[in-house]
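This report concerns only the one structure given below.
The first residue of the sequence shown is numbered 1, and numbering continues consecutively from there. Predicted model, so just to flag it, every value in this text is computed and none were measured. Indexing begins at 1, ligand by ligand and atom by atom, following the structure's order.
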Amino acid sequence: MTKVTKTSEKELSTISEDKLSRRDFFRKTAAYSVGAIAAANVLSPVELKAATDDPAIMNEAPWGTKLGDPVDHNLYGLPSPYEHNNIRRTHSLFSSGDYYASVAMCPIHESQGIVTPNGLFFVRDHGGTAHIDPKEWRLMIHGDQVEREIVLTLDDLKKYPSESRIYFIECPANGAPEWRGPQFNSLQFQKGLMSAAEWTGVMLKTILEDVGLKKDAVWMLAEGSDNASNPRTIPVEKALDDVMVVWGQNGEALRAEQGYPVRLIVPGWEGNLNTKWLRRLEISDKPWHSKEETSKYTMVQPGGKAIRYFWVNEVNSVITSPCPEKPWTHLKKGDMVEVEGIAWTGHGTITGVDISLDGGDNWVEAKLKGLVLPKSWTRFSYVMKWDGKPLLMASRARDDFGNIQPTIDEETTAVGVESVYHRNAIVTWEITEKGECNNVQIRKHKKA
Ligand SMILES: Nc1nc2c(c(=O)[nH]1)N[C@H]1C(S)=C(S)[C@@H](COP(=O)(O)O)O[C@H]1N2
Ligand SMILES: [Mo]
C-alpha cells in the first residue's frame, strides 16, 4: 500500500504584486521576507557570513575597470560563453549510423520555466534539416472531403488571424532505451526528446472552416516537404480541436530545425505528428495513405500484438534538480534545498505531483509553481532539509483526466517491455551519502 501524506504549511509564501500598491511594494517585500525567514522552514540556500571576507565582492571586478563591448558587436544575441555546456547532445544509441536520421536531445537539466530557448529545442529529423526560402514555400489543402481546395503562400497563410499558445512537443520514443533497465546516468539522454515553446500561427480549424469540409471528412494526412516527408494520419476531430499551423517559435520565426517556415503543432500528441516543413494537408474519409506510417509508431503489447494508433503522450514527470547532471555533492548535512522538476500530460492539465524520498513507499505533495497550462510543461517544487542520508527520490504526476503516472511494475505488467514508445513510468534518482545522483529503477515485483 502506498501512502500519500500532504505537506504542511512549509511552502515559501509568495506575494502577488497586484495586491500591493506601487508605493509600498519594496517595503512590504522586505517585511515579508524577514517574516518568512523567521518561520525557519523556508529555503535559505547560503549560510550568511560576513561579506567582507569575499574578494569577489570586495575587490573591483576586472570587467568593471574597462568599457564592455559596443552594443552593435552582436546583432543577434548569443548565450554567455560561460554557458557553453548548455547544448543539445546527440547519442549513437539513437542514430542509424549517421546524423541525418537522428536526434539531438534537449538539455532539460538546464531548462528554466516552461519554455525551451530556440537554440536548445530538441531535434528529430528523419531526412536531415531542410532549408527553405519562404518565397518558395507553399501549403496545399486538398482531398476528396474538401469543398474548396487551395494552395497558400506564406503571406496568404499569415492573413488568417493568429494565436500564440504554449505547448510541449515530446517524441514518444523519449526514454525508449530504459524499458528493460536504466541505460543513461543522465537526465538529458533519458528524457531530452522533448521541449516546449510558445507557438504562433493560425488554428487549423480557422483554415478548414474557410475551405469547407464535406460530411465524411474523418482523416487528415499531413506531409512535409523535406527528404523524409514524414507522412502522418491525424483524425479531423483533433484537427478541428487544437491543432495549429505555426510560423512563430518563442517570439521569432521557427528555427530551420523546427520546420521553418511552417510546421504543424498537434498539442499533447506524439511528436512525429507535428509535421515540420509542412507542405500538404489532405482530408479524406479513409484512415491512412502511407505504407511508412503503418509500419511505425505502434505500441507493441505482450504476445506480439500492437496497438496501431496510440497518439496521446501520457501523464509524465521527472525531477530535474537534483539529477545525474545536477547532483547534491555541494550540499552539507542539514542544508535546505529545493527539489524541482517538470510534469506534463498530453491529455489536459497537470493537477498535482507527489514526491517520494524512499523509492515510492511514501509520498508527499509538491507545489505546482508558475503557469499551469494544458498540454504544457508544468513546474513542481518541494523544499526540504537533507539530513545527509541516502534517498530514492521519485516524482509522480496526475492530470485532470484522472490519469496518474504508473510505477515501472504497473507499466511493464500492462504493456510488457517490447515497446519502444510511450514510456511514462516513474523515474527514480538515487541520492548517495556523498550527494551523488544516479539513475535507478525500482521493481518491487520480480517480472518483465
Ligand atoms: N517533415 C518532418 N516532420 C517531422 C519529422 C521529420 O523528420 N520530418 N520528425 C518528426 C518527429 S519523429 C518528431 S519527434 C518531431 C520533432 O520535432 P523537433 O525536431 O522540432 O523537436 O518532428 C516530427 N516532424
Ligand atoms: Mo519522434
Side-chain angles (χ1 to χ4, degrees), residues 87-91 93-96 98-108 111 115-132 137-140 167-177 188 191-199 201 220-234 243-250 252-282 290 292-293 295-299 310-313 316 344 346 377 419-423:
I87 51 170
R88 296 186 284 233
R89 290 178 198 273
T90 55
H91 198 287
L93 237 180
F94 286 97
S95 78
S96 36
D98 58 54
Y99 285 123
Y100 297 100
S102 191
V103 298
M105 312 188 84
C106 179
I108 53 172
S111 75
V115 297
T116 308
N118 292 341
L120 296 176
F121 205 97
F122 87 102
V123 185
R124 172 59 171 125
D125 289 345
H126 294 80
T129 297
H131 294 273
I132 301 178
W137 178 85
R138 296 290 183 276
L139 173 62
M140 178 159 71
Y167 292 121
F168 71 82
I169 296 181
E170 182 184 26
C171 176
N174 205 12
Q188 182 166 18
K191 287 280 186 217
L193 281 184
M194 63 167 179
S195 295
E198 186 196 60
W199 307 102
M220 176 176 82
L221 179 82
E223 193 183 82
S225 60
D226 56 322
N227 188 268
S229 81
N230 198 72
R232 290 292 181 274
T233 315
I234 299 164
V243 173
M244 300 176 80
V245 178
V246 306
W247 54 81
Q249 176 183 359
N250 292 330
E252 64 177 351
L254 289 178
R255 288 292 170 87
E257 293 85 349
Q258 268 63 60
Y260 180 89
V262 174
R263 85 177 301 167
L264 207 61
I265 294 291
V266 185
W269 285 21
E270 293 186 330
N272 63 86
L273 305 168
N274 295 249
T275 313
K276 306 194 275 189
W277 312 288
L278 187 64
R279 171 177 186 269
R280 126 186 131 83
L281 296 170
E282 183 182 342
S290 120
E292 192 223 11
E293 195 214 9
S295 64
K296 293 172 76 179
Y297 295 99
T298 56
M299 220 10 211
F310 197 100
W311 289 299
V312 182
N313 286 310
N316 216 331
W344 66 101
W377 278 357
S419 190
V420 174
Y421 303 111
H422 294 282
R423 196 175 171 281

So does [Y] get a backbone contact from the side chain of [X], meaning a donor-acceptor N/O pair under 3.5 Å?
X    : Y    : value
W137 : W277 : no
N250 : T116 : yes
K276 : N230 : no
R88  : F121 : yes

Kindly identify the option in [options] whose heavy atom sits closest to [atom].
atom                    : options                : value
atom 20 (O) of ligand 1 : R255, R263, M194       : R263
atom 12 (S) of ligand 1 : K276, R279, H126, E170 : H126
atom 8 (N) of ligand 1  : T129, I265, D226       : D226

Considering the heavy atoms of [X], write down every atom of ligand 1 situated less than 4.0 Å from one of them.
X    : result
E257 : 19 (O), 20 (O)
T275 : 3 (N), 24 (N)
C171 : 14 (S)
N274 : 22 (O), 23 (C), 24 (N)

Contact check: D125 vs ligand 1, nitrogen or oxygen atoms, below 3.5 angstrom
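No, D125 has no N/O under 3.5 Å of an N/O on ligand 1.
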With only distance considered, is F122 within less than 3.5 Å of ligand 1 through an N or O on each side?
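Indeed, backbone or side chain, F122 has an N or O that close.
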Compute the minimum heavy-atom distance from E223 to ligand 1 and say whether it is under 4.0 Å.
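It does not; every heavy atom stays at 4.0 Å or beyond.
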Smallest separation among heavy atoms of N227 and G127, with atom names
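Shortest heavy-atom contact: CB-O, 3.5 Å.
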I need the minimum non-hydrogen distance between Y421 and A173, along with the two atoms involved.
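Nearest pair, atom of Y421 first, then A173: CD2-N, 3.6 Å.
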side-chain contact (heavy atoms from CB on, under 4.5 Å) partner of Q188, the single match among C106, P107, S111:
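Output: one option passes, namely P107.
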What's the separation between atom CG in L193 and atom CD in E170, rounded to the nearest 0.5 Å?
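Between atom CG of L193 and atom CD of E170 there are 8.0 Å.
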Counting only heavy atoms closer than 4.0 Å, does ligand 1 sit against the backbone of N272, its side chain, both, or neither?
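The answer is both.
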